[in-house]
There are 2 protein chains.
Amino acid sequence: MSKNLTKRSEDYSKWYNELVVKADLAENSAVRGCMVIKPYGYAIWEKMQAELDKKFKETGHQNAYFPLFVPKSLFEAEEKNAEGFAKECAVVTHYRLKTDPEDSSKLIVDPKAKLEEELIVRPTSEAIIWNTYKGWIQSYRDLPLLVNQWANVVRWEMRTRLFLRTAEFLWQEGHTAHATRQEAIAETEQMNNVYADFAEQFMAIPVIRGRKTESERFAGAEDTYCIEALMQDGKALQAGTSHFLGQNFAKAFDVKFTSKEGKLDYVWATSWGVSTRLMGALIMTHSDDNGLVLPPNLAPIQVVIVPIYKGEEQLNQISEVANALVADLRSKGISVKFDNRDTHRPGAKFAQYELQGVPLRIAIGPKDLEKGTVELARRDTLTKQFVAKDEVVATIELLLVEIQESLHQKATQYRDEHITEVNSFDEFKDVLENKGGFISAHWDGSAETEQKIKELTKATIRCIPFDAKEEEGSCVYSNKPSKMRVLFAKAY
Amino acid sequence: MSKNLTKRSEDYSKWYNELVVKADLAENSAVRGCMVIKPYGYAIWEKMQAELDKKFKETGHQNAYFPLFVPKSLFEAEEKNAEGFAKECAVVTHYRLKTDPEDSSKLIVDPKAKLEEELIVRPTSEAIIWNTYKGWIQSYRDLPLLVNQWANVVRWEMRTRLFLRTAEFLWQEGHTAHATRQEAIAETEQMNNVYADFAEQFMAIPVIRGRKTESERFAGAEDTYCIEALMQDGKALQAGTSHFLGQNFAKAFDVKFTSKEGKLDYVWATSWGVSTRLMGALIMTHSDDNGLVLPPNLAPIQVVIVPIYKGEEQLNQISEVANALVADLRSKGISVKFDNRDTHRPGAKFAQYELQGVPLRIAIGPKDLEKGTVELARRDTLTKQFVAKDEVVATIELLLVEIQESLHQKATQYRDEHITEVNSFDEFKDVLENKGGFISAHWDGSAETEQKIKELTKATIRCIPFDAKEEEGSCVYSNKPSKMRVLFAKAY
């Protein structure tokens, strides 16, 4: 089955599209740009959700739910935000269909059921939420307000790709309100760090933490922090963002509070989100020409057991060993599947689990029964070993940790090898063309230069890394003085 | 604070509306008919979700996610389903806004961005899902297909009430495909039982299991099973439905499979769902004039500890006892909050937690420190007792179980006392008017009689109970022969 997958070296984009569909992660739907997330893909997303949700709650946030629709008058209240999303939003204009008088099997929009005010399907929820916060916040006692929402949002993108860019996607959006500028900035930083730790530790994806330039900021934000990952094809992927919104939304929706000292002031805000886009980052960080490779933390099935048998008697003997193993592994909190389907051959099963990235595969055949062993195969390294039955559980426990770490290390090494310092524009173009990855270069700080470089090379400033050290230099494009290197890359 | 709540005996409907808002469960939004589910209300919903999700997975279902939008041509494919939902659906007609040329601070719908085909915001997902299943099902090997989705749906209801009837609501919808009629019916039954067990055991809500009459069926179903609960005001509430869809959707979307014997046939289908409406059922089953009463299984905070103190030294001493108690209770898996806010007085805290239905409240004051006791108050019975410090944890463990059972018993007793057998239409009207509840009466089985009774009394047939025993009788309205009693009630 894996033979059917295009090689990454041949056509990375094609490999990705095929993998997503063949590994049963997602597929395109009848609705332009909208995807169906299939059960196996959704199970991975659920693992991400559960871990993130835990981290949000540990940092004091509560979940809530706000309406799907934003009335146009609220949508336009924060000007920059509205401008940023107006070009790609789905608009509800009617609330009823009626039978087509010309063809009774068809329905048409009922012109009598036109809404007085159009409703925008939320592309992000700042507007509806800040309009609500107005009623929730009066005094410093109501602050900080730390709320998160798990939801679907719609942005009418013209060019879509499964998980990476879809008209509808799933995400979480945190929306917090604070009494002071400093507190809101601290929250923005905290949540960017929560995302970074989650990406590194849970998804085994190395990320660079930094801030966006003005032109790459969220529409309506004063500052956007981000985590940037690097895909195997040398393109960057923005994996999460955390925005300091200043008092923009508080002013647009008139949200004021009385401070301890009795002073009336606008509230300070943040918002932050990650989405099903992370599925794309996951796939393009770890997978290989044989299919998906999953870090054990995210694997819906961590271990699969495949029996190799002829006839029912052998299957029964193998099942006895397998079922005992299943029970032992489950008691350790390891998710395991015993695939005893008689509709598929072992070879087809091996190919399927390889394609779907199950971290460990156990095969048990008649010889194993004799010897008291099982065959244990690692998905990430494609290596196999025979393990004595009594040592299988302990070996698996160690291996799951090792695989998680090894994937992180491998990805970090690749990423680190693909951060290149360049000092001339020729070098910039050469590295971008022939090597890819992040380019660390001096930039004069102007939006004009940033735009010019983008036009000439398609590379954008992914972020100004938080750990960038001061360094005197001159802009790689304009030669104007610069005090710091920023990271450029082509990006998803 | 509880004094501010209208009494149930004065105006039940007003009491409900006030309680939902004052207990911080939900509120109306700027979007007509759409609600904001506030953090405290959402935390209760999350507990329902977690338990239901576990039950779905235990019965072999997997989660997935399908698009929010349904293209009109798919929407109209299953005729009855389309007819049932066309009258109240939100329709997306455009995908862009532009600046109003007459007022640059305003946005208008861009007429150039009209969709070729309108999109319906899903009121339910059979159409989009069965259109997808067409690609997933070829052979008996692909069956059964057992999928659930957690999602938001939109039905443009004209009269809305928080949780009970809102234009947008949250729900889960299971959609399964089977090789045989019997299997699909067994699934329909199984899921109705899952709902019933969940309502009874987890929510402490007694329900009657039965089937709907033809006129009350889901649009597109061959049979609708349901669980019906009874609210404190004598009105029934449909708490969950499970539909046997026959081959209707398979035929509308041409979903066929090859059987083991090589025969080509249409697939058999079910769908089943519960929604945030359950929040309304929860409130109207257990709560009282002082506010919300929550079964411990659903309480975001099961135990709250309120310190009663003067000065910091007393607070420190009390905190020591309280913090030890918090640790002990948490180690038993009990959720507990120590409310040491200095911005609110104990009385205000008591009133808040009473209103919000926290099952157990502990108060610790200086006298308790002396005596080595705490004051323990039960929300459901409003009774108090002093408990020795060393016995608190064990007492609470027992009480949480007892409260859960006691609420279920109390609600069951009320429900049972409000099922009245009547044998004449005068009696029918009298009971409906003066007592309310379920009316168990003979019915001739015709839609005309059902409709007539509805017109005359506003009572509908809530269900034909599964446990109804055969009994010769005559219809309460038409006097025609009947073999079974059905349950009538006014309903939410």
Side-chain angles (χ1 to χ4, degrees), chain A residues 27 29-31 34-43 45-46 62-72 74-76 79 82-83 86-99 105-109 113 118-121 128 131-132 135 141 147 151-152 154 156 168 170 343, chain B residues 27 29-31 34-43 45-46 62-72 74-76 79 82-83 86-99 105-109 113 118-121 128 131-132 135 141 147 151-152 154 156 168 170 343:
Chain A
E27 64 184 37
S29 77
V31 191
C34 291
M35 65 181 159
V36 173
I37 306 179
K38 300 183 78 172
Y40 191 66
Y42 199 85
W45 174 242
E46 282 183 310
Q62 293 179 292
N63 289 328
Y65 188 76
F66 298 86
L68 171 66
F69 301 126
V70 188
K72 189 165 69 66
L74 292 186
F75 183 79
E76 64 197 7
E79 208 178 330
E83 203 185 290
K87 279 162 256 161
E88 49 178 37
C89 63
V91 189
V92 176
T93 55
H94 292 74
Y95 59 86
R96 193 163 63 219
L97 296 175
K98 64 169 198 172
T99 304
S105 75
K106 301 282 176 196
L107 294 166
I108 56 168
V109 172
E118 294 90 350
L119 298 174
I120 317 306
V121 181
I128 190 80
N131 184 61
T132 307
R141 285 186 203 86
V147 174
N152 52 345
V154 172
W156 210 262
E168 181 193 14
L170 303 183
T343 45
Chain B
E27 64 183 37
S29 77
V31 191
C34 292
M35 66 181 159
V36 173
I37 306 179
K38 299 183 78 172
Y40 191 66
Y42 199 84
W45 174 242
E46 281 183 311
Q62 293 179 292
N63 289 329
Y65 188 76
F66 298 87
L68 170 67
F69 300 126
V70 188
K72 189 165 69 64
L74 293 186
F75 184 79
E76 64 198 7
E79 208 177 330
E83 202 184 291
K87 280 162 255 161
E88 47 177 39
C89 63
V91 188
V92 176
T93 55
H94 291 76
Y95 59 85
R96 192 163 62 219
L97 297 175
K98 64 168 196 171
T99 304
S105 76
K106 302 281 178 199
L107 294 165
I108 56 168
V109 172
E118 294 89 349
L119 298 174
I120 316 306
V121 181
I128 189 80
N131 185 60
T132 307
R141 285 185 202 88
V147 174
N152 53 344
V154 172
W156 210 261
E168 181 193 15
L170 302 184
T343 45

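So you know, we letter chains A, B, ... as the sequences are listed, proteins then strands, and number each from 1.
The residue among A/Glu88, A/Lys38, A/Lys98 with the most heavy atom pairs within less than 4.5 Å of chain B is A/Lys38. Between chain B and the residues A/Gly135, A/Ala90, A/Ala64, the most heavy-atom pairs under 4.5 angstrom are made by A/Ala64. Comparing B/Val147, B/Leu97, B/Thr93, B/Val121 by heavy-atom pairs within less than 4.5 Å of chain A, the highest count is held by B/Leu97. By number of non-hydrogen pairs under 4.5 angstrom with chain A, the leading residue of B/Cys89, B/Ala82, B/Pro71, B/Ser29 is B/Cys89. Comparing B/Leu68, B/Ile128, B/Val154 by heavy-atom pairs within less than 4.5 Å of chain A, the highest count is held by B/Leu68. Of the listed residues (B/Ala113, B/Pro39, B/Cys34, B/Ala43), the one with the most heavy-atom contacts under 4.5 Å to chain A is B/Pro39. Highest contact tally toward chain B, considering only A/Val31, A/Val91, A/Ile37, is held by A/Val91 [criterion: heavy-atom pairs under 4.5 Å]. Here B/Asn152 is the residue among B/Leu74, B/Asn152, B/Ile120, B/Asn131 with the most heavy-atom pairs under 4.5 Å with chain A.
Both the backbone and the side chain of B/Leu107 have a heavy atom closer than 4.5 Å to some heavy atom of chain A. Both the backbone and the side chain of B/Asn63 come within less than 4.5 Å of a heavy atom in chain A. Looking at B/Thr99, neither its backbone nor its side chain comes within 4.5 Å of chain A, counting heavy atoms on both sides. Only the side chain of B/Glu27 comes within contact range of chain A, judged by heavy atoms closer than 4.5 Å. Only the side chain of B/Lys72 comes within contact range of chain A, judged by heavy atoms closer than 4.5 Å. Heavy atoms of B/Leu119 lying under 4.5 Å from chain A belong exclusively to its side chain.
Of the candidates B/Glu83, B/Glu76, B/Glu118, B/Glu79, B/Glu76 is the only one forming a salt bridge (charged side-chain N to carboxylate O under 4.0 Å, His left out) with A/Lys106.
Note: A/Trp156 CH2 to A/Glu168 CD = 10.0 Å, rounded to the nearest 0.5 Å. The line from CE of B/Met35 to CZ of A/Phe66 is 12.5 Å long, rounded to the nearest 0.5 Å.
With sequence neighbours left out, A/Thr343 forms a side-chain hydrogen bond (donor to acceptor under 3.5 Å, both in side chains) with no residue at all. Remark: A/Phe75 engages no residue in a ring pair (Phe, Tyr, Trp, His ring centres under 6.0 Å) (not counting sequence neighbours).
In this structure, B/Tyr42 and A/Tyr65 have parallel ring planes: the angle between them is below the 30° cut-off, well short of the 60° mark.
Here the closest heavy-atom approach between residue B/Trp45 and residue B/Leu170 is recorded as NE1-CD1, 3.8 Å.
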